[in-house]
Peer 1: 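Can you read through this structure? Questions will come right after.
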Number of protein chains: 4
Amino acid sequence: MDQPQTDTGRAEEAQGDARDKTPRTERGRRTLRKLLDAAAVEFGERGFHEASISAITRRAGTALGSFYTYFDSKEEIFQALVRYMSEQLRDHVTPLVQAAPDEISAERIGLESYLGFVREHKEIYRIIDEAEFVDYASYRSHYETTVARVRQRLENGAARGEIRGDVSEIHAWAIGGMNVFLGMRYGLWDTESDISEIAAIANDLLANGLKKRD
Amino acid sequence: MDQPQTDTGRAEEAQGDARDKTPRTERGRRTLRKLLDAAAVEFGERGFHEASISAITRRAGTALGSFYTYFDSKEEIFQALVRYMSEQLRDHVTPLVQAAPDEISAERIGLESYLGFVREHKEIYRIIDEAEFVDYASYRSHYETTVARVRQRLENGAARGEIRGDVSEIHAWAIGGMNVFLGMRYGLWDTESDISEIAAIANDLLANGLKKRD
Amino acid sequence: MDQPQTDTGRAEEAQGDARDKTPRTERGRRTLRKLLDAAAVEFGERGFHEASISAITRRAGTALGSFYTYFDSKEEIFQALVRYMSEQLRDHVTPLVQAAPDEISAERIGLESYLGFVREHKEIYRIIDEAEFVDYASYRSHYETTVARVRQRLENGAARGEIRGDVSEIHAWAIGGMNVFLGMRYGLWDTESDISEIAAIANDLLANGLKKRD
Amino acid sequence: MDQPQTDTGRAEEAQGDARDKTPRTERGRRTLRKLLDAAAVEFGERGFHEASISAITRRAGTALGSFYTYFDSKEEIFQALVRYMSEQLRDHVTPLVQAAPDEISAERIGLESYLGFVREHKEIYRIIDEAEFVDYASYRSHYETTVARVRQRLENGAARGEIRGDVSEIHAWAIGGMNVFLGMRYGLWDTESDISEIAAIANDLLANGLKKRD
DNA sequence: AATGAATGAGGGTTCATTCAT
DNA sequence: TATGAATGAACCCTCATTCAT
């Protein structure tokens with residue numbers, strides 16, 4: 001119980017059959033893409049355990065066996081998907097955040113674009129979250145990477161004198177959690193409220209919390 | 001992060017087979033208790049889907065069939081457990097929080113006792129979290145109740161002039177998320193750091209964020 | 001390639017799920033017996049790899065799942081069967097052999113009863129032989145035990161002065177092989193020839209080969 | 001244990017798809033050879049049922065599809081291999097046996113060279129033996145041919161007055177079985193003992209058993 | 001001839017749930 | 001109430017074989 005589910009991290013380890021599953025032909029690449037797309041929908045709709053590989057291939061329009069040309073197991077495609085989606089999420093948010101004039105604004109923009117992304121891609125939120133119980137390593141890695149970015153921004157802001165100087169990893173995790181929970185509440189559950197307003201209010205809390213001391 | 005739901009009747013209660021499963025004899029009550037204890041360990045260690053009824057009864061030292069004397073399904077015992085643990089968490093945190101001199105302190109104490117509780121009872125954290133994928137109603141209810149308590153404290157604080165007056169549900173969710181994430185990071189993952197210090201730092205962020213405006 | 005298929009010996013090792021599969025009720029004992037009988041027929045007719053567990057349970061008149069109440073895998077029931085049949089074979093031959101007046105006669109009677117047994121129970125011959133490719137440990141153990149008995153008889157005969165004194169393990173294996181091959185040729189393939197005559201001829205060869213030297 | 005079958009046409013030859021799979025080019029011949037070599041290793045190491053076509057082609061360094069340019073099925077290549085190996089065994093033993101001064105010596109030399117061959121080529125022993133459960137016709141043919149050679153030598157010896165005159169097929173099978181078992185025991189399992197000595201001891205048993213009667 | 005992706009029947013195995021005692 | 005055997009739907013995965021290039 002020290003680190004729950006550490007055993008699900010086994011997927012990274014040496015695989016008995018380490019044949020290269022990268023497609024070599026154009027047709028192969030198309031099939032792989034179809035499988036990943038279908039899996040995203042299936043996992044998003046039914047969750048990892050309710051999802052079946054045959055449903056994935058049915059959606060993808062391929063034979064059942066073709067799945068195993070590209071993946072060794074349901075876990076493996078799930079893992080691939082988690083990592084891919086983690087990247088998609090960051091690719092959506094990063095450029096917007098980088099255009100921000102200062103780090104506090106960056107946090108506001110980050111939260112706002114995150115909320116929008118969750119609303120548009122509920123299946124991505126769900127898949128990443130379910131990784132906690134399927135592929136713990138990817139789950140943890142996703143949040144550690146996310147929080148590391150927050151922390152970097154905080155340190156930049158401190159260095160530039162925009163915010164207080166004593167920011168730490170604890171602040172970064174606090175902010176990360178805030179964002180994720182607001183994503184759940186106002187991205188998944190309540191899809192009516194005004195996203196900008198929510199981001200503005202939360203950011204105001206943050207701005208005061210991080211303001212330079214006198 | 002305290003005082004989870006009271007057992008206000010919720011929508012999904014209706015059971016197809018409504019026979020009363022409350023034990024009538026002392027022996028029955030003992031069996032039920034053994035099953036719940038065993039299930040907590042089994043679900044905590046292996047997760048809902050890896051856990052099996054037969055493993056639970058094996059741990060409990062009862063026959064497989066006895067399980068169905070008290071529960072209709074694996075989902076049902078899991079649900080019972082989630083609610084029970086939600087209460088346990090509340091029972092641990094509530095009295096400490098209520099003794100706080102002001103609401104900001106209450107938040108600090110709440111976070112600190114939550115972090116401690118997670119460290120002591122990782123299986124409870126895990127079971128409640130996994131409810132997101134097994135018993136969504138209980139999961140949502142747990143966090144809505146938790147956040148409602150936070151919000152109540154914020155409003156009390158505002159009414160008493162301890163903090164700014166424009167606090168809203170958004171603030172409450174932001175704070176709830178902060179607590180949960182810090183629980184994961186410093187309760188589950190890193191079990192070495194000083195809990196008081198973490199709670200103090202996070203609370204300082206909050207105190208500044210919620211300070212009365214001039 | 002030193003000892004082919006040593007890995008099939010793994011069945012003896014600690015099993016992850018070491019629950020006791022011995023039936024506790026009379027009904028359970030009946031089911032187990034039905035499964036073993038059905039498996040003997042199925043393996044004997046179709047061989048290990050062609051045999052299917054569902055065919056075994058169909059023959060036994062039980063549900064598919066009941067198979068797994070008593071065995072963990074197809075290999076396991078096969079192993080149980082090999083050992084059981086190895087015993088049956090010995091139980092058939094041993095009493096006859098023990099009644100022989102001298103060791104040379106014992107060998108003749110042993111061969112003759114072996115040939116008869118193979119004719120009556122071709123499936124037993126087949127299952128034991130196929131163990132070479134399914135459960136090597138049992139296969140080897142079967143023949144080592146068989147040959148050990150031959151050797152014991154040879155040594156008894158030598159001690160009593162019935163045969164030459166320099167008999168060794170090599171003689172025992174030679175005789176064992178002789179018997180097995182005659183079993184295949186005149187037990188399995190040609191089921192018309194006179195068994196006593198065959199045993200007499202082979203025994204005469206042996207008697208001369210083992211005669212005391214002058 | 002020598003001179004297995006010449007390729008006299010046997011009953012099960014008929015192939016549904018009688019297209020000629022003999023390679024026409026030099027490149028084709030090389031591929032065919034690589035496949036056979038790879039199959040010998042794969043079948044020898046893993047056995048027929050554990051072996052997979054894709055593992056064979058992987059070992060051979062060819063594409064999976066290329067297999068079917070030369071063979072119609074897994075059974076077919078196995079059959080080809082059994083016959084080829086049966087010939088290899090014969091080619092190893094025959095010249096040595098033919099140089100023997102008399103038939104009893106021939107048997108000794110045959111056994112000794114057989115034991116040596118098994119030690120060197122365990123995979124060949126295994127593949128021929130497994131044919132009992134994969135390609136029964138080849139298996140039976142192998143041993144019938146082998147025993148026929150033994151019988152021929154016995155009759156030659158009897159005609160020349162080297163051994164007793166009443167030798168029969170039964171004697172030939174007895175001797176064949178003796179050789180095969182000694183091959184298993186001292187060729188496969190125990191690879192330390194002195195082969196010449198074993199052959200000498202077994203041959204002495206035989207020589208006495210077959211000695212002319214007074 | 002060679003390549004490697006595609007196919008899908010087939011079978012082993014799990015385990016929540018029911019049932020007879 | 002307790003027991004433990006019985007049930008069978010569900011699903012993952014393998015891999016021999018075919019096919020398109």
Side-chain angles (χ1 to χ4, degrees), chain A residues 17 19 21 23-32 49-55 57 61-75, chain B residues 23-25 27-28 30-32 49-57 61-75, chain C residues 17 19-21 23-32 49-57 61-75, chain D residues 21 23-25 27-32 49-57 61-75:
Chain A
D17 183 3
R19 79 205 138 88
K21 286 176 264 86
R24 262 166 250 299
T25 68
E26 182 49 35
R27 191 186 177 200
R29 270 184 293 278
R30 267 203 315 277
T31 303
L32 174 56
H49 292 95
E50 292 287 311
S52 77
I53 292 180
S54 70
T57 54
T62 72
L64 173 58
S66 297
F67 177 90
Y68 293 92
T69 307
Y70 300 102
F71 302 98
D72 277 339
S73 65
K74 197 161 88 159
E75 276 77 10
Chain B
R24 262 167 239 309
T25 67
R27 187 187 179 201
R30 267 205 314 279
T31 303
L32 174 57
H49 291 95
E50 293 283 311
S52 72
I53 307 277
S54 73
I56 291 171
T57 54
T62 74
L64 176 53
S66 300
F67 178 89
Y68 290 89
T69 307
Y70 301 101
F71 301 97
D72 275 340
S73 68
K74 192 167 141 180
E75 275 77 10
Chain C
D17 183 3
R19 79 205 138 90
D20 187 4
K21 286 178 264 80
R24 260 166 254 296
T25 69
E26 183 50 36
R27 190 184 178 202
R29 271 184 292 276
R30 268 203 314 277
T31 304
L32 174 56
H49 291 96
E50 292 287 310
S52 77
I53 292 179
S54 69
I56 291 172
T57 54
T62 72
L64 175 54
S66 297
F67 177 89
Y68 292 92
T69 306
Y70 300 102
F71 302 98
D72 276 340
S73 65
K74 196 161 90 161
E75 276 77 10
Chain D
K21 284 173 271 81
R24 259 164 243 311
T25 68
R27 188 188 178 199
R29 266 185 296 279
R30 267 205 314 279
T31 303
L32 174 57
H49 291 96
E50 292 283 309
S52 73
I53 307 276
S54 74
I56 292 171
T57 54
T62 72
L64 176 54
S66 299
F67 178 89
Y68 290 89
T69 307
Y70 300 101
F71 302 97
D72 275 340
S73 68
K74 191 169 146 181
E75 274 78 10

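Below, read A as the first sequence line, B as the second, and so on, with proteins coming before strands; counting in each chain starts at 1.
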Peer 1: Just the rounded figure in Å: distance from P of dA5(E) to CZ of R29(A).
Peer 2: 10 Å

Peer 1: OP1 or OP2 of dA5(F) versus the side-chain N and O atoms of T31(C): is any pair under 4.0 Å?
Peer 2: no

Peer 1: Between P23(C) and S54(A), which has a closest nucleotide on DNA chain F that is more 5'?
Peer 2: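 Whichever sits nearer the 5' end wins; that is P23(C).
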
Peer 1: Could you check how far CZ of F67(D) sits from C1' of dC15(F), rounded to whole Å?
Peer 2: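 In whole Å, dC15(F) C1' and F67(D) CZ are 12 Å from each other.
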
Peer 1: Can you give me the dot-bracket string for DNA chain F, 5' to 3', counting Watson-Crick and G-U wobble pairs with both distances under 3.5 Å, using [ ] for crossing pairs and | for partners on another strand?
Peer 2: .||||||||||||||||||||

Peer 1: Could you report the tightest heavy-atom contact between K74(C) and H49(C), atom names first, then the distance?
Peer 2: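 So the minimum-distance heavy-atom pair works out to NZ-O, 3.8 Å.
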
Peer 1: Would a distance-only check, ignoring hydrogens and angles, find a side-chain to backbone donor-acceptor pair under 3.5 Å from K21(C) to D72(C)?
Peer 2: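 No; judged by distance alone, with no hydrogens or angles, the pair does not exist.
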
Peer 1: Applying side-chain contact (heavy atoms from CB on, under 4.5 Å), can you list everything that pairs with S66(C), at least two apart in sequence or on another chain?
Peer 2: T62(C), A63(C)

Peer 1: On a heavy-atom basis, which atom in P23(D) and which in R29(D) lie closest, and how many Å separate them?
Peer 2: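 Taking P23(D) first and R29(D) second, the nearest heavy atoms are CB-N, 3.5 Å.
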
Peer 1: So does K74(D) get a side-chain nitrogen or oxygen closer than 4.0 Å to the phosphate oxygens (OP1/OP2) of dC15(F)?
Peer 2: no

Peer 1: By nearest nucleotide on DNA chain E, pick out whichever of E75(B) and L64(D) is the more 5' one.
Peer 2: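 Nearest-nucleotide comparison on DNA chain E picks L64(D).
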
Peer 1: Is the phosphate of dT3(F) approached by S66(B) (side-chain N or O, under 4.0 Å from OP1 or OP2)?
Peer 2: yes

Peer 1: With a 4.0 Å cut-off on heavy atoms, is I53(A) in touch with a base, just the backbone sugar-phosphate, or nothing at all?
Peer 2: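 Touches sugar-phosphate only.
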
Peer 1: Rounded to the nearest Å, what distance is computed from the CG atom of residue D72(A) to the P atom of nucleotide dT14(F)?
Peer 2: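 Distance, rounded to whole Å: 7 Å.
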
Peer 1: Using whole Å, what does the distance between atom P of nucleotide dC12(F) and atom CD of E50(A) come to?
Peer 2: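 It is 11 Å, rounded to the nearest whole Å.
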
Peer 1: If I compare all heavy atoms of L64(C) with all of I53(C), which pair ends up nearest, and what's the gap?
Peer 2: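 L64(C) and I53(C) have their closest heavy atoms at CD1-CG2, 3.8 Å.
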
Peer 1: Remember a base hit wins even if backbone is also touched, and classify A55(C) as base, sugar-phosphate or nothing at under 4.0 Å, heavy atoms.
Peer 2: nothing

Peer 1: Hey, could you give me the CZ/CD1 distance between F67(B) and I56(B), rounded to the nearest 0.5 Å?
Peer 2: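 The CZ atom of F67(B) sits 5.5 Å away from the CD1 atom of I56(B).
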
Peer 1: Quick one: does F71(C)'s side chain get under 4.5 Å of L32(C)'s, heavy atoms only?
Peer 2: yes

Peer 1: Map G28(B) and S52(A) onto DNA chain F by nearest heavy atom, then report which one ends up closer to the 5' terminus.
Peer 2: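 The answer here is G28(B).
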
Peer 1: Taking side chain to side chain donor-acceptor pair (under 3.5 Å) as the test, write out the residues that go with T25(C), two or more places apart.
Peer 2: none

Peer 1: Within the sub-3.5 Å range, which N or O atoms of nucleotides 19-21 of chain E have a protein N or O partner, and how far apart are they?
Peer 2:
none

Peer 1: Of the candidate nucleotides dG4(E), dT13(E), dA6(F), which contains the atom at the shortest distance from the side chain of S73(C)?
Peer 2: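 Selected nucleotide (nearest to the side chain): dT13(E).
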
Peer 1: Partners of R24(C) by side-chain contact (heavy atoms from CB on, under 4.5 Å), sequence neighbours excluded?
Peer 2: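 R24(C) satisfies side-chain contact (heavy atoms from CB on, under 4.5 Å) with D20(C) only.
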
Peer 1: Measure the distance from CD on E26(A) to C1' on dT3(E) and round it to the nearest whole Å.
Peer 2: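 Atom CD in E26(A) sits about 17 Å away from atom C1' in dT3(E).
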
Peer 1: Under the salt bridge (charged side-chain N to carboxylate O under 4.0 Å, His left out) rule, collect the residues that match up with R27(B), sequence neighbours excluded.
Peer 2: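 R27(B) satisfies salt bridge (charged side-chain N to carboxylate O under 4.0 Å, His left out) with no other residue.
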
Peer 1: What is the separation between atom CZ on R24(B) and atom C1' on dT1(F), rounded to the nearest whole Å?
Peer 2: 12 Å

Peer 1: Could you tell me whether the phosphate oxygens of dG4(E), OP1 or OP2, come under 4.0 Å of any side-chain nitrogen or oxygen in T69(A)?
Peer 2: no

Peer 1: In this structure, how many angstroms lie between the C1' atom of dT14(E) and the NZ atom of K21(C), rounded?
Peer 2: 15 Å

Peer 1: In whole Å, what is the span from the NE2 atom of H49(A) to the C1' atom of dC12(F)?
Peer 2: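 Distance, rounded to whole Å: 13 Å.
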
